[in-house]
Amino acid sequence: MHISEGVLSANILIASDVIALGILAYAFWRLQREQMVFAAVLSALFFVASFVHIPIGPTATHLLMSGIVGLFLGVGAFVAIFVGLLLQALLFGYGGVSVLGVNLLIIATPALIARFLFQLKLQTIGTQLLVDFLMGALPILVSSLLLAGVLALDNEAFLSVAILSLLTNLPIVLLEGIFMVMILRYLRKVSPRLLEI
Amino acid sequence: MYKIIIVLFTCTQILFAHSLKIFVSELENGKIEVYAYFTKSSVCKACEVQVKNADKILAQVLTDNFGKAEILLKQKSVEIVVQASLGHRGQVSFTATQPTEQTKDDNPFIKILIALSVIALIFLLLYNVKRSKN
């Protein structure tokens, strides 16, 4: 899901860095002091999830868990995901420092969908299961679409790579939806107070 | 006779235009630069570069707009495979002359532990920043 350094042109990088910086500052301002511990845990979850690689055909993709970060932190997810992306870039070379802005926008913006869906407060069991699934799956699907869109927008030569990237991320969409259903079912049983968002 | 020569020349040019050429050069700090191109004016953009040892993939990156990709080499002898669109594929063997630092990079768990500690420190710092503001 990470765009590597040297792939995108400077105008896209600068524009995305400026937008990401503005949202990051707003997210930090909105993040409550009481949320910091939770933000640290979710940032660590996001960081570690990227190491769970799933081989798909000749390539491999990895988990993101951005939905759960967005669900619990709302716009504060930008801070948690930014810290995770920064360390992935510095320590493991995932993405890169110059593409932090674009990667942050691609991953953190769709994470807010989970929060929005949760706030719909759907009551019936059937719809709740579906919404739980969508809270995990939709952020990944939208991130994949944004990634493909940015690659295609930057250079037509990237169009085939964009389509391939979208297709390889589809199993992760399904997987993260299932994970979200399992996590929320567990939390509702064990610690429903955590879900009083 | 002239027609045959012209047809043969054209076919040769087409064949060369579609043959993927790979040029690997060694950089500093154990890195290599892979340059993939069809002709001098047509570089291999966003092509997938795989660094392999036997069948194990050691690294996987995309080339940039100039057909180039930088990769940290973790083993001395590797196979470099470049995959372009429409089934174009090239492969070269490469042996580094400089020593590679594979032992330092091979254990990711230490890096993960460092990263988790840094995350805790960053959020502790942010917590204190918020406290001082309130």
Open item on the list: How close do Ala115(B) and Leu87(A) get, counting heavy atoms only, and between which atoms?
Closed with: O-CD1, 3.5 Å
- [ ] Check whether any side-chain heavy atom of Val37(A) lies under 4.5 Å from a side-chain heavy atom of Phe123(B), and answer yes or no.
- [x] no
Task: Main-chain N/O of Glu34(A) paired to Lys130(B) side chain as donor or acceptor, under 3.5 Å - done: no
- [ ] For Arg30(A), look at atom CZ and say whether over 12 heavy atoms of other residues, nucleotides or ligands are found less than 6.0 Å away.
- [x] no
- [ ] Flag yes if Val41(A) and Leu86(A) sit in one hydrophobic cluster, no otherwise; membership is Ile, Leu, Val, Met, Phe, Trp, Tyr, and two members link when side-chain heavy atoms are under 4.5 Å apart.
- [x] no
Open item on the list: Do Leu62(B) and Phe66(B) land in one hydrophobic cluster if side-chain heavy atoms of ILVMFWY residues count as linked below 4.5 Å?
Closed with: no
Task: Atom pair CG/CD1 of Leu90(A) and Ile114(B) - distance to nearest 0.5 Å - done: 12.0 Å
Task: Heavy-atom contact with chain B under 4.5 Å, split by part of Leu91(A) - done: both
Open item on the list: For Leu116(B), which atoms come within 4.5 Å of any heavy atom of chain A: side chain, backbone, both, or neither?
Closed with: side chain
TODO: Find the distance between CG (Leu126(B)) and CG (Leu31(A)) and round it off to the nearest 0.5 Å.
DONE: 8.0 Å
Open item on the list: How long is the straight-line distance from CD1 of Ile112(B) back to CZ of Phe51(A), given to the nearest 0.5 Å?
Closed with: 4.5 Å
- [ ] Measure the CD1-CE distance between Ile122(B) and Met36(A) for me, rounded to the nearest 0.5 Å.
- [x] 11.5 Å
Open item on the list: Would you say Phe179(A) ends up clustered with Leu174(A) if hydrophobic residues are merged whenever their side chains have heavy atoms under 4.5 Å apart, either directly or through other cluster members?
Closed with: yes
- [ ] Please state whether the side chain, the backbone, both or neither of Val48(A) comes within less than 4.5 Å of a heavy atom of chain B.
- [x] side chain
Task: Cluster check Ile178(A), Leu184(A): I/L/V/M/F/W/Y, side chain < 4.5 angstrom - done: yes
Open item on the list: Applying a strict under-4.5 Å side-chain criterion to I, L, V, M, F, W and Y, I'd like to know whether Phe133(A) and Leu129(A) cluster together.
Closed with: yes
